[in-house]
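We use all heavy atoms of the structure for the numbers below, so side chains are in, but hydrogens, waters and symmetry mates are not. When a residue number appears, it is its place in the shown sequence, counting from 1.
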Amino acid sequence: MKINSAEFIISNSDVSKCPKDPLPEYAFIGRSNVGKSSLINMLTNNKNLAKTSGKPGKTQLINHFKINLNWFLVDLPGYGYARVSKKTKETFQKFITDYFEKREQLVCAFVLIDIRLEAQKIDLEFINYLGEIEVPFCIIFTKADKISKTKIDSNIAAYRKAILANNWEEMPQYFVTSSLESTGREQLLEFIDGVNEEMFKNNSL
Ligand code: GDP
């Protein structure tokens, strides 16, 4: 897929105020600092679309970007950041769970995982939550440029083990990415293109 346009539409913390367009929508979520903004900017070829910031936990909103006029990329707040005060932070904030449970246009969630780290409890909890509410999702491993190919393979093998230990029957579809080197860009956009085609063909939205 070639990116011809990427336009910021709206930010809010209320799923009922998200755009009404019946367009397929892809949500990006992960722990703060996982590299989500960098990935979104890399995917859309736009250095400033999503705000990369030194202050994780800052963007506490659902951000809609319209891509090529026919699908939405949704940038969700990072979860699990300790400096967000207890009051504003439940494990996953209500407006985020509302989004996943109510947003009919959502066709796939991308859960971002830093490829360097061993499986984190909060990510596994979130993956299990998506399973419970039956939202289709893929894993995106980020920052692949930071470790060797061998280490990438062994970390993914370890991740698969952690997923299976959480009662999943198989490893979900996953992508290995580096925003620094644009690794995984083509594969991700191809995947989205394929799902979009299915959605439009079946008139699903
Ligand atoms: P977010 O909080 O999840 O949106 O994360 P950011 O995109 O702001 O990235 C957090 C930090 O990781 C920043 O210092 C980025 O420069 C760095 N980073 C993000 N993606 C990559 C990557 O693919 N490779 C490398 N080496 N660093 C990255």
Check ring pair (Phe, Tyr, Trp, His ring centres under 6.0 Å) between F141 and all other residues, then give those that pass, not counting sequence neighbours.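 If we apply the ring pair (Phe, Tyr, Trp, His ring centres under 6.0 Å) test to F141, skipping adjacent residues, the hits are Y159, Y174.
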Ring pair (Phe, Tyr, Trp, His ring centres under 6.0 Å) with Y129: which residues, sequence neighbours excluded? F126
With K20, which residues qualify under salt bridge (charged side-chain N to carboxylate O under 4.0 Å, His left out), at least two apart?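 Salt bridge (charged side-chain N to carboxylate O under 4.0 Å, His left out) check on K20 returns nothing, list empty.
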With sequence neighbours left out, what residues match N202 under side-chain contact (heavy atoms from CB on, under 4.5 Å)?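 If we apply the side-chain contact (heavy atoms from CB on, under 4.5 Å) test to N202, skipping adjacent residues, the hits are E198, S204.
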Using the side-chain contact (heavy atoms from CB on, under 4.5 Å) criterion, which residues pair with A109? Sequence neighbours excluded.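 So A109 forms a side-chain contact (heavy atoms from CB on, under 4.5 Å) with F100, L130, V135, F137.
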With [X] via side chain to side chain donor-acceptor pair (under 3.5 Å) - residues at least two apart:
{"X": "D193", "value": "none"}
{"X": "N4", "value": "K2"}
{"X": "D14", "value": "S16"}
{"X": "N70", "value": "none"}

Among the clusters formed by ILVMFWY side chains lying less than 4.5 Å apart, do I3 and Y26 turn up in the same one?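 As far as the 4.5 Å side-chain criterion goes, Y26 and I3 are connected within one cluster.
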Distance check, rounded to the nearest 0.5 Å: I115 atom CD1 versus T142 atom OG1? 8.0 Å
Can you measure from SG (C138) to CZ (F175) and round to the nearest 0.5 angstrom?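 It comes to 5.0 Å.
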Regarding N63 and S11, is there a side-chain donor-to-acceptor distance under 3.5 Å anywhere?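 Yes, a side-chain donor-acceptor pair sits under 3.5 Å.
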Side-chain H-bond candidate by donor/acceptor type, N166 with N128, under 3.5 Å: yes
Distance-only donor-acceptor pairs under 3.5 Å for side chains of residues 183-192, two or more places apart:
unit_1: R185; atom_1: NE; unit_2: M42; atom_2: O; d: 3.0
unit_1: R185; atom_1: NE; unit_2: L43; atom_2: O; d: 3.3
unit_1: R185; atom_1: NH2; unit_2: L43; atom_2: O; d: 3.0
unit_1: E190; atom_1: OE2; unit_2: M1; atom_2: N; d: 3.4

Pairs meeting criterion ring pair (Phe, Tyr, Trp, His ring centres under 6.0 Å) with involvement of residues 4-25, two or more places apart: F8-F65
Pairs in or reaching into residues 159-176: which pass salt bridge (charged side-chain N to carboxylate O under 4.0 Å, His left out), with residues at least two apart or in two chains?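 Every candidate salt bridge (charged side-chain N to carboxylate O under 4.0 Å, His left out) pair involving residues 159-176 fails, so no pair, neighbours aside, qualifies.
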